[in-house]
*Asks:* 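I have a structure I would like to understand better, so I am pasting it below and will then ask my questions one at a time.
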Number of protein chains: 2
Amino acid sequence: MKKIPSAVIPHLSIYYRTILESRKNFLSSEELSKLTYFSPSQIRKDLGYFGQFGIPSKGYDTAKLKRSIEKILGLDRKWDVVLVGVGNLGTALLSYKGFIKQGFYIRCAFDNDKRKIGKKINSIVIQNIKDLERTIRRQNIRIAIIALPKDAVQDIVRRLVSCGVKAILNFAPIRPYVNNKKAAILNIDLSIELERLAYFLKRNT
Amino acid sequence: MKKIPSAVIPHLSIYYRTILESRKNFLSSEELSKLTYFSPSQIRKDLGYFGQFGIPSKGYDTAKLKRSIEKILGLDRKWDVVLVGVGNLGTALLSYKGFIKQGFYIRCAFDNDKRKIGKKINSIVIQNIKDLERTIRRQNIRIAIIALPKDAVQDIVRRLVSCGVKAILNFAPIRPYVNNKKAAILNIDLSIELERLAYFLKRNT
DNA sequence: TAGATTGTTAATCGATTAACAATC
DNA sequence: TAGATTGTTAATCGATTAACAATC
């Protein structure tokens with residue numbers, strides 16, 4: 001089986017979303033290109049990694065393609081998620097409806113602030129961070145979202161990985177280290193994005 | 001002048017942050033590589049686009065390099081910012097200290113929800129969305145952060161661009177369209193990231 | 001001077017685009 | 001069958017890595 005380039009996966013997300021919003025039964029790579037700004041070749045190539053979904057002279061059956069992408073991306077099932085860090089951002093994430101739409105369910109949340117522990121947000125009780133390992137093991141959770149100050153990140157990542165977490169979405173401006181690729185880390189780094197903006201503005205205003 | 005590849009800018013952000021955290025007066029590309037996981041060649045090449053900052057056999061003077069990167073990225077000045085959409089995420093962003101550290105100051109915030117208008121968060125009074133253009137023009141603001149439901153995004157982007165906004169940081173899962181590159185848009189798309197996680201988990205658990 | 005590390009050119013790798021035979 | 005659009009191979013483009021002469 002040929003290797004899937006990592007750039008392809010985010011493309012699939014965009015094709016998927018575009019199909020959801022389209023009413024058409026068939027879309028050609030040309031039409032998809034208009035909607036997504038990816039080139040028709042790119043689209044055909046990307047889809048080609050996973051099979052033959054199109055019909056020459058007609059295009060892609062949107063209902064079929066939708067189901068295929070769901071299967072490829074793993075959107076056809078649910079995932080249990082733990083949230084660590086219930087500050088401003090963590091609270092916003094707890095209430096974020098988008099997670100559920102993608103099948104991600106935040107099942108428990110942790111903080112080290114005594115004033116927050118025991119409080120309920122969106123029907124989730126905030127637990128003491130010292131119970132992290134016990135709860136994660138008991139509930140067999142594999143995904144963590146962490147919204148922590150950057151100095152706390154590395155230690156929490158170590159603890160999460162030690163109790164079986166396989167994927168971590170990190171919002172702090174730091175790239176935590178994980179031993180022998182035991183888990184995948186995705187960093188959402190607002191600082192880097194802001195600095196890209198600053199660079200752009202510097203030379204365009 | 002040679003063209004700067006777009007991938008270089010995010011690298012600079014990481015070099016910058018690494019220098020800030022290091023106590024050393026000099027760092028070689030080899031040492032920076034250990035800290036950033038970029039290859040030594042990559043680091044020398046990236047910096048080479050902007051000048052000659054290193055001293056053969058010694059490495060890079062961290063104080064000088066820090067100032068150089070600040071200048072390149074535009075971190076040596078302040079930027080006024082408008083926030084549109086004060087829901088859960090918008091509120092979290094209003095209180096986010098990281099912006100100020102990067103020189104981004106949220107000067108005003110807008111929402112269309114009557115119950116929010118007039119309220120104060122972090123000393124910013126939430127204004128009626130219908131006053132958007134007037135306020136932005138008067139304060140001469142060039143940067144917007146939008147935390148809106150996706151159906152509201154395209155119209156607000158149009159309005160922002162029409163009154164002179166040059167850069168927009170968008171958190172909704174949609175890629176808004178801007179006429180003739182009148183403004184830069186940076187999309188922080190949590191859906192895409194979640195789907196990357198789902199894809200990873202699908203084949204590793 | 002000898003040793004170390006830069007800056008830069010050439011080689012490699014990966015992703016995007018172009019071209020076109022296969023096929024509905 | 002003729003026209004349209006796929007799937008796939010070849011060409012191009014851009015980013016990363018390797019190599020090494022220049023230099024502190």
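Protein chains get the first letters and strands the later ones, always in sequence-line order, with residue 1 at the start of each. As a basis for the values below, the full set of heavy atoms in this structure was taken, side chains included, without hydrogen atoms, waters or symmetry mates.
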*Asks:* C:dT17 phosphate, OP1 or OP2: any side-chain N/O from A:Ser39 under 4.0 angstrom?
*Replies:* yes
*Asks:* OP1 or OP2 of D:dC24 sitting under 4.0 Å from any side-chain N/O of B:Tyr60?
*Replies:* no
*Asks:* Please determine if B:Glu21 and A:Lys150 form a salt bridge, counting it only when a charged side-chain N lies under 4.0 Å from a carboxylate O.
*Replies:* yes
*Asks:* Check the distance between C:dG14's C1' and A:Asp46's CG and give it to me in whole angstrom.
*Replies:* 13 Å
*Asks:* For A:Leu47 and C:dT17, give me the distance from atom CG to atom P, rounded to whole Å.
*Replies:* 15 Å
*Asks:* Once you round it to whole Å, what is the distance between C1' of C:dT5 and CG of B:Leu27?
*Replies:* 13 Å
*Asks:* Think A:Gln52 has a side-chain N or O under 4.0 angstrom from the OP1 or OP2 of C:dT23?
*Replies:* no
*Asks:* Hey, does A:Ser6 reach any base, or is it just sugar-phosphate, or nothing, if we go heavy atoms under 4.0 Å?
*Replies:* sugar-phosphate
*Asks:* Strictly by Watson-Crick or wobble contacts shorter than 3.5 Å, is anything paired with C:dA4, and which nucleotide is it?
*Replies:* D:dT23
*Asks:* Can you see if the side chain of B:Ser41 gets near the phosphate of D:dT16 - specifically, an N or O under 4.0 Å from OP1 or OP2?
*Replies:* no
*Asks:* Quick one: does A:Asn128's side chain have a donor or acceptor within less than 3.5 Å of a partner on A:Lys130's backbone?
*Replies:* yes
*Asks:* Whether A:Ser29 contacts D:dT6 is assessed here as follows: a side-chain N or O lying under 4.0 Å from the phosphate OP1 or OP2. Is that the case?
*Replies:* yes
*Asks:* Quickly work out the A:Ile55 CD1 to D:dG7 C1' distance and round it to whole Å.
*Replies:* 14 Å
*Asks:* Base, sugar-phosphate, or nothing: which does A:Phe38 touch, judged by heavy atoms less than 4.0 Å apart?
*Replies:* nothing
*Asks:* Any strand counts, and the cut-off is 3.5 Å on both contacts for Watson-Crick or G-U wobble. Which nucleotide pairs with D:dC13?
*Replies:* C:dG14
*Asks:* Does B:Gln42 put a side-chain nitrogen or oxygen below 4.0 Å from OP1 or OP2 of D:dA18?
*Replies:* no
*Asks:* Using the ring of B:Phe38 (Phe, Tyr or Trp, six-membered ring only), decide whether A:Arg175 places NZ or CZ under 6.0 Å from its centre and within 45 degrees of its axis.
*Replies:* yes
*Asks:* Measure NZ/A:Lys45 against P/D:dG7 and give the value in whole Å, please.
*Replies:* 13 Å
*Asks:* Please check the phosphate of C:dT6 (OP1 and OP2 only) for any side-chain N or O of B:Arg44 closer than 4.0 Å.
*Replies:* yes
*Asks:* Check this for me: does any side-chain nitrogen of one of B:Arg196 and B:Glu193 sit under 4.0 Å from a carboxylate oxygen of the other?
*Replies:* yes
*Asks:* Which one, D:dT5, C:dA4, C:dT16, comes nearest to the side chain of A:His11?
*Replies:* C:dT16
*Asks:* Do we get A:Arg203 above A:Tyr199's six-membered ring, with its NZ or CZ under 6.0 Å from the centre and within 45° of the axis?
*Replies:* yes
